[in-house]
Amino acid sequence: MAPVLDPTWQSPYVPSAGERHANAVALRRFAIRRKIPASITVGVAVVVLVALFSVSVWLPVLAVLIALVYAWDLRRSLVGIERQGQHLGGAMREIFRVAGTSTDRARLDTIIERLTATFGVDGVEAVIVDDPVYNAALVPNGSGLNFFITVAAVHDFDLIEIEGVVAHCLARHRLGLLERQSAAALANVSDEVRRELYSPGSAYRADEVAAATIRYPLGLAAALRRCANQAVASTSFFAGATYAQWHGVWFNPASGRATDFSDLDDVTVRAAALEEW
């Protein structure tokens, strides 16, 4: 029998529709879970008021009004948490000081222009920030996107390494991770909940998508090795409390932390995986 191609086959290195959908609705599901106690309370109150219609015909009317007000409040909460992460780019701009020369910016803009075309992403503005630690992040800023990269990475990384970092960040966009991770960075939640919203293993997965797209995993692996081998200065943003809260949006979400081989998002683990391709 002649071989037949499977029309349903899809490369595991291409984000599936189901994967993107799961990331897209993660924030909404999180918001709904937070509202479960209130939803139960409102539901019980509405049922009781309707059951007491014999006492007063106005009680069912009150029940309907309560249900409508609660539905409006729930909708407002869902929209609010989905939009929360859109302010992360602005918050980062307030913290960091812009750095780099005009040559640095022109070089970076050229890389971004080429890779955004490859990944099908528009509206990315590059910002080189003053910090001695290697790191980068792609985050929403209103209707656009800001790509933040430290001046240390711009100066020390080779071209293929910077391309790998940019590709990783754009892969997060392709996976639909930016909204949930940016909202997690600004949400007033516990560390455990924040970790869930960041989606453990997502940096590893973004590496896979990035490496397959640019077809050169070793450049990305080399950038990860540089991050793993660097000591983090105590004066760096990446040694502070704000980074601890925002860590999940960064290329290296474990900057300054000892290697943890049980964590897929650890830069040493990610580098080793790419080197085995």
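Computed from heavy atoms alone, side chains included, the values below leave out hydrogens, waters and symmetry copies.
- Listed by chain and residue number, nothing satisfies the side chain to side chain donor-acceptor pair (under 3.5 Å) test with R29 (two or more places apart in sequence, or in another chain).
- The shortest heavy-atom contact between F251 and C227 is CE2-SG, 3.8 Å.
- For the residue pair A167 and F119, the shortest heavy atom distance occurs at O-CZ, 3.6 Å.
- Closest of all the heavy-atom pairs between L197 and R180 is O-NE, 2.8 Å.
- Under the side chain to side chain donor-acceptor pair (under 3.5 Å) criterion, T41 pairs with no residue at all, not counting sequence neighbours.
- Here the straight-line distance linking atom CD of E19 with atom CG of N23 works out to 6.5 Å at 0.5 Å rounding.
- In this structure, Y243 and A254 approach most closely via the heavy-atom pair OH-N, 3.3 Å.
- Every residue was checked against the salt bridge (charged side-chain N to carboxylate O under 4.0 Å, His left out) condition with D158, not counting sequence neighbours, and none meets it.
- Summarising the geometry, atom CD belonging to Q86 is positioned 8.5 Å from atom OG belonging to S143; distances are rounded to the nearest 0.5 Å.
- Listed by first and then second residue, the ring pair (Phe, Tyr, Trp, His ring centres under 6.0 Å) pairs that reach into residues 124-149 are Y134-F157, sequence neighbours excluded.
- Looking at I214 and L115, their side chains come closer than 4.5 Å, going by heavy atoms from C-beta outward.
- Not one N or O on the side chain of R172 forms a donor-acceptor pair closer than 3.5 Å with the backbone of A206.
- V139 is not connected to V121 by any chain of hydrophobic side-chain contacts under 4.5 Å among Ile, Leu, Val, Met, Phe, Trp and Tyr, and they are in different clusters.
- Cluster membership check: V166 does not share its hydrophobic cluster with V133, using side-chain heavy-atom separations under 4.5 Å among Ile, Leu, Val, Met, Phe, Trp and Tyr.
- Rounding to the nearest 0.5 angstrom, the gap separating the OG1 atom in T259 from the CG atom in N229 is 8.5 Å.
- For residues 183-196, the pairs satisfying salt bridge (Lys or Arg N to Asp or Glu O under 4.0 Å) are R33-E196, with sequence neighbours left out.
- The heavy-atom pair separating L177 from S202 by the smallest distance is CD1-CB, 3.7 Å.
- The closest donor-acceptor contact from the side chain of N135 to the backbone of N252 lies under 3.5 Å.
- Counting only heavy atoms from C-beta outward, the side chains of M92 and N146 never approach each other to under 4.5 Å.
- Pairs of residues two or more places apart, or lying in two chains, never qualify as salt bridge (Lys or Arg N to Asp or Glu O under 4.0 Å) while including a residue from residues 233-246.
- The same ILVMFWY cluster, assembled from side-chain heavy atoms under 4.5 Å apart, contains both L49 and V44.
- Here L264 contributes atom CG and R270 contributes atom CZ; the two are 10.0 Å apart, rounded to the nearest 0.5 Å.
- Of all heavy-atom pairs between S255 and V232, the closest is OG-CG2, 3.5 Å.
- Every residue two or more places apart in sequence or in another chain that forms a salt bridge (charged side-chain N to carboxylate O under 4.0 Å, His left out) with E161 is listed here: R226.
- For the pair L224 and D207, the minimum side-chain heavy-atom distance is below 4.5 Å.
- Judged as a salt bridge (Lys or Arg N to Asp or Glu O under 4.0 Å), the pairs with a partner in residues 256-266 (not counting sequence neighbours) are, in order, R257-D263, R257-D266.
- With sequence neighbours left out, Y198 forms a ring-ring contact (aromatic ring centres under 6.0 Å, His included) with H247.
- The closest donor-acceptor contact from the side chain of D104 to the backbone of T101 lies under 3.5 Å.
- Legend: residues meeting salt bridge (charged side-chain N to carboxylate O under 4.0 Å, His left out) with E113, ordered by chain and number and at least two apart, are absent.
- Between L178 and L145 the shortest side-chain heavy-atom distance falls below 4.5 Å.
- Scored by the side chain to side chain donor-acceptor pair (under 3.5 Å) test, S199 finds no partners at all (sequence neighbours excluded).
- Sorted by first and then second residue, the pairs that involve residues 116-144 and meet salt bridge (Lys or Arg N to Asp or Glu O under 4.0 Å), not counting sequence neighbours, are R93-E125, R97-D130.
- A heavy-atom distance below 4.5 Å is not found between the side chains of V48 and L59.
- You'll find the side chain of F237 stays beyond 4.5 Å of the side chain of T150, heavy atoms only.
- Linking ILVMFWY side-chain heavy atoms closer than 4.5 Å, directly or via other members, places V151 and I162 in a single hydrophobic cluster.
- Side-chain contact between V267 and Q230 is absent, with no heavy-atom pair separated by less than 4.5 Å.
- With rounding to the nearest 0.5 angstrom, the CD atom of E179 is 9.5 Å from the CD atom of Q181.
- In the hydrophobic cluster analysis, where Ile, Leu, Val, Met, Phe, Trp and Tyr join through side-chain heavy atoms closer than 4.5 angstrom, V64 is grouped apart from W72.
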